[in-house]
Amino acid sequence: MPVRSVIVGTGSTIPPRRVPNSDMLDREFLGPDGAKIPKSNQQILDQFESITGIKERRYADDSQVTSDLASLAAADALDSSGVDRETLDTIIVAHNFGDVRAGSRHSDMVPALAARVKAQLKIENPHAAAFDIVFGCPGWLQGVIVCDAMIRAGDIKRAMVIGADTLSRISDPHDRDSLIYADGAGAVIMEARETAEKVGFLAHAVRSD
């Protein structure tokens with residue numbers, strides 16, 4: 001029977017700090033040419049909310065970095081699945097900017113965020129490989145694709161894939177797109193299942209253009 005990858009647990013974390021659209025009223029929004037957008041901030045925010053439906057976003061507090069959020073989501077996934085963390089063969093963290101501390105724009109990616117998550121979870125298994133994927137917006141999805149390939153190849157039997165970022169730390173406050181960005185993390189636990197049924201991950205496609 002073919003081996004398929006299935007999700008057996010999920011987890012997430014959303015920081016407690018709420019940032020409503022009204023908090024952005026004192027910002028100066030600039031266009032691509034660097035000139036001030038010829039609309040009031042209230043008009044910009046009203047238009048943004050009407051298009052996206054977003055009224056607020058969550059930001060990490062000053063004591064948290066991306067790997068902290070990733071660890072919280074990972075712990076939640078372990079709790080929901082009942083999986084023994086020592087049985088994980090691989091931990092993958094998809095992110096874009098590493099750990100960026102409050103008040104800094106410095107990106108810290110070494111050691112890998114996945115290694116930091118492994119340490120925070122107190123996983124002692126020396127054979128549990130921990131590595132990162134930096135792949136832009138679809139990073140978590142690419143992590144799932146990589147994990148699925150490893151499971152189908154027979155290299156691993158169980159893994160965790162986490163997506164996390166603290167985009168509030170790196171976004172330009174003068175860019176209207178910053179209204180979309182927020183902080184948080186999500187995680188899944190995937191494992192191998194031998195089954196003739198069409199369950200789990202059946203196929204994937206990746207475009208490079």
Side-chain angles (χ1 to χ4, degrees), residues 1-16 58 60-61 63-101 107-136 138-166 183-204 206:
M1 289 188 292
V3 174
R4 300 191 186 279
S5 305
V6 298
I7 291 176
V8 297
T10 63
S12 64
T13 189
I14 301 175
R58 301 292 186 93
D61 67 40
S63 67
Q64 294 176 311
V65 290
T66 300
S67 58
D68 295 325
L69 300 181
S71 296
L72 291 170
D76 189 31
L78 288 167
D79 288 343
S80 77
S81 68
V83 165
D84 179 356
R85 63 193 65 198
E86 297 297 337
T87 65
L88 292 173
D89 298 310
T90 301
I91 301 169
I92 301 173
V93 175
H95 62 90
N96 290 303
F97 302 99
D99 280 348
V100 181
R101 301 202 172 273
S107 179
D108 180 5
M109 296 190 183
V110 180
L113 269 60
R116 300 178 193 192
V117 170
K118 181 180 178 180
Q120 288 196 39
L121 294 176
K122 294 181 169 42
I123 295 174
E124 298 180 358
N125 177 8
H127 302 294
F131 63 91
D132 294 354
I133 287 181
V134 180
F135 203 78
W140 175 83
L141 183 57
Q142 185 61 31
V144 168
I145 291 171
V146 169
C147 181
D148 176 55
M150 295 174 73
I151 287 175
R152 288 173 184 262
D155 293 334
I156 62 173
K157 293 183 178 179
R158 180 177 286 157
M160 178 181 289
V161 183
I162 308 165
D165 258 315
T166 49
D183 307 335
V188 294
I189 296 175
M190 298 169 57
E191 67 179 27
R193 293 277 177 88
E194 287 190 7
T195 175
E197 298 180 30
K198 290 187 176 181
V199 297
F201 292 88
L202 305 181
H204 73 266
V206 179

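What you are looking at is a predicted structure, and each value in this text was computed from that prediction instead of being measured.
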Under the rule for salt bridge (Lys or Arg N to Asp or Glu O under 4.0 Å), what residues qualify as partners of Asp108, not counting sequence neighbours?
Arg116
Using atom types as modelled, flag every donor-acceptor pair under 3.5 Å from a side chain in residues 149-156 to any protein atom, sequence neighbours excluded.
from	atom 1	to	atom 2	distance (Å)
Arg152	NE	Asp148	OD1	3.1
Arg152	NE	Asp148	OD2	2.9
Arg152	NH2	Phe201	O	2.3

Flag side-chain contact, heavy atom, 4.5 Å: Trp140 against Val188
yes
With side-chain hydrogen bond (donor to acceptor under 3.5 Å, both in side chains) as the rule and sequence neighbours excluded, what pairs involving residues 77-87 come up?
Thr87-Arg158
Contacts of Arg58 that satisfy salt bridge (Lys or Arg N to Asp or Glu O under 4.0 Å) - sequence neighbours left out
Glu56
Can you establish whether the number of heavy atoms outside Ile14 located under 6.0 Å from its atom CD1 is more than 12?
no
For Ala70, give me all partners under side-chain contact (heavy atoms from CB on, under 4.5 Å), at least two apart in sequence or on another chain.
Val117, Ile162, Ala164
How close do Ala74 and Met160 get, counting heavy atoms only, and between which atoms?
CB-SD, 3.3 Å
Verdict with reasoning, Lys122 to Glu124, per salt bridge (Lys or Arg N to Asp or Glu O under 4.0 Å):
CA-CA 6 Å; Lys122 294 181 169 42; Glu124 298 180 358; over 6 Å; no
With sequence neighbours left out, write down each residue that passes side-chain hydrogen bond (donor to acceptor under 3.5 Å, both in side chains) with Asp68, or none if nothing qualifies.
Gln120
Between Asp76 and Thr13, is there a donor-acceptor pair closer than 3.5 Å when you use the side chain of the first and the backbone of the second?
no
Does some side-chain heavy atom of Thr90 sit less than 4.5 Å from a side-chain heavy atom of Cys147?
no
Give, for atom OG of Ser71 and atom CG of Leu113, the distance between the pair rounded to the nearest 0.5 Å.
8.5 Å
What pair of heavy atoms forms the shortest contact from Gly184 to Leu69, and how long is it?
N-CD1, 3.8 Å
CD1-CG distance between Ile123 and Leu78, expressed to the nearest 0.5 angstrom:
6.5 Å
So Leu88 and Asn125, do their side chains get closer than 4.5 Å, heavy atoms only?
no
Does Gln64 reach the side chain of Thr166, with side-chain heavy atoms less than 4.5 Å apart?
no
For Ala114, all residues meeting side-chain contact (heavy atoms from CB on, under 4.5 Å), sequence neighbours excluded:
Ile91, Val93, Ala130, Asp132
Partner set under side-chain hydrogen bond (donor to acceptor under 3.5 Å, both in side chains) for Ser67, not counting sequence neighbours
Asp99
Gap between atom CG of Asp165 and atom NE2 of His95 - 0.5 Å precision
7.5 Å
Between Asp183 and Ala60 the two heavy atoms that sit nearest each other are OD2-N, 2.8 Å
Work out which heavy atom in Ala128 is nearest to a heavy atom in Lys118; give both atom names and the distance.
O-NZ, 2.8 Å
